[in-house]
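Residue indices begin at 1 and follow the sequence shown. Worth saying up front: this structure is predicted, and the values here are computed from it rather than measured.
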Amino acid sequence: MKAITTTTTSTPALQAVLVATEERNAFWRHYEQWVLKASDDDLLQLQTALDTYGTFELQSLASLIRQVLQDEVRKREFPASFLAPLQAANWPGVVAHG
């Protein structure tokens, strides 16, 4: 997974949009690769970790996962194989846990 980097732009607003887009694209690249290789147990673990955060709001999976990862206890419920590449890419909200 490629590390997230920022680009120099002419306005802070445009830079924020570019960073958000880059983060979203990086997340989806990771997610698609992970799902293809994940075991049934890892897929179930991810689903279980997200189930309690199910909402009736329209929310992207990336946003939901970023929200869940702000909770250190809930973060431990995610498969390590899912978090490690996100952490290596400095994806917001992902830090090492033990």
Side-chain angles (χ1 to χ4, degrees):
M1 180 174 193
K2 187 171 117 179
I4 296 171
T5 58
T6 58
T7 18
T8 305
T9 60
S10 58
T11 67
L14 181 56
Q15 183 165 350
V17 168
L18 291 174
V19 168
T21 300
E22 189 173 342
E23 288 173 1
R24 187 175 57 253
N25 290 340
F27 170 80
W28 283 110
R29 281 191 304 272
H30 160 69
Y31 181 78
E32 290 170 353
Q33 291 172 12
W34 181 80
V35 166
L36 292 173
K37 297 184 277 186
S39 69
D40 288 344
D41 288 341
D42 281 347
L43 291 168
L44 181 60
Q45 186 178 355
L46 178 64
Q47 178 183 348
T48 301
L50 294 174
D51 273 350
T52 59
Y53 284 87
T55 66
F56 295 104
E57 299 174 24
L58 180 59
Q59 183 176 10
S60 76
L61 182 60
S63 296
L64 177 60
I65 289 175
R66 181 178 287 126
Q67 175 187 343
V68 174
L69 292 177
Q70 292 176 13
D71 181 336
E72 291 298 320
V73 173
R74 296 298 306 217
K75 188 184 301 186
R76 291 184 182 99
E77 297 174 5
F78 280 80
S81 65
F82 182 77
L83 294 179
L86 290 174
Q87 180 182 352
N90 297 318
W91 199 65
V94 183
V95 295
H97 66 276

Quick one: do Phe82 and His30 satisfy side-chain contact (heavy atoms from CB on, under 4.5 Å)? Show the steps, please. CA-CA 8 Å; Phe82 182 77; His30 160 69; 3.6 Å; yes

About how many Å separate CD of Gln87 and NZ of Lys75, when rounded to the nearest 0.5 Å? 8.5 Å

Which atom pair, heavy atoms only, marks the closest approach of Gln45 to Arg76? NE2-O, 4.4 Å

Which pair of non-hydrogen atoms, one from Phe27 and one from Ala62, has the smallest distance, and what is that distance? CD2-CB, 3.4 Å

Please enumerate all residues that pass side-chain hydrogen bond (donor to acceptor under 3.5 Å, both in side chains) together with Thr48, with sequence neighbours excluded. none

Distance col, row Lys37:NZ vs Gln33:CD, nearest 0.5 angstrom, shows 6.0 Å

Do side-chain atoms of Arg74 reach the backbone of Ala49 as a donor and acceptor pair under 3.5 angstrom? yes

Side chain to side chain contact (heavy atoms under 4.5 Å, CB included) partners for Gln47, two or more places apart: Leu44, Asp51

Any side-chain heavy atom of Trp34 within less than 4.5 Å of one from Leu43? yes

Could you check whether any side-chain heavy atom of Asp42 comes within less than 4.5 Å of a side-chain heavy atom of Phe78, counting everything from C-beta outward? no

Between Leu61 and Leu50, is a side-chain contact (heavy atoms from CB on, under 4.5 Å) present by the stated rule, with each step listed? CA-CA 9 Å; Leu61 182 60; Leu50 294 174; 3.7 Å; yes

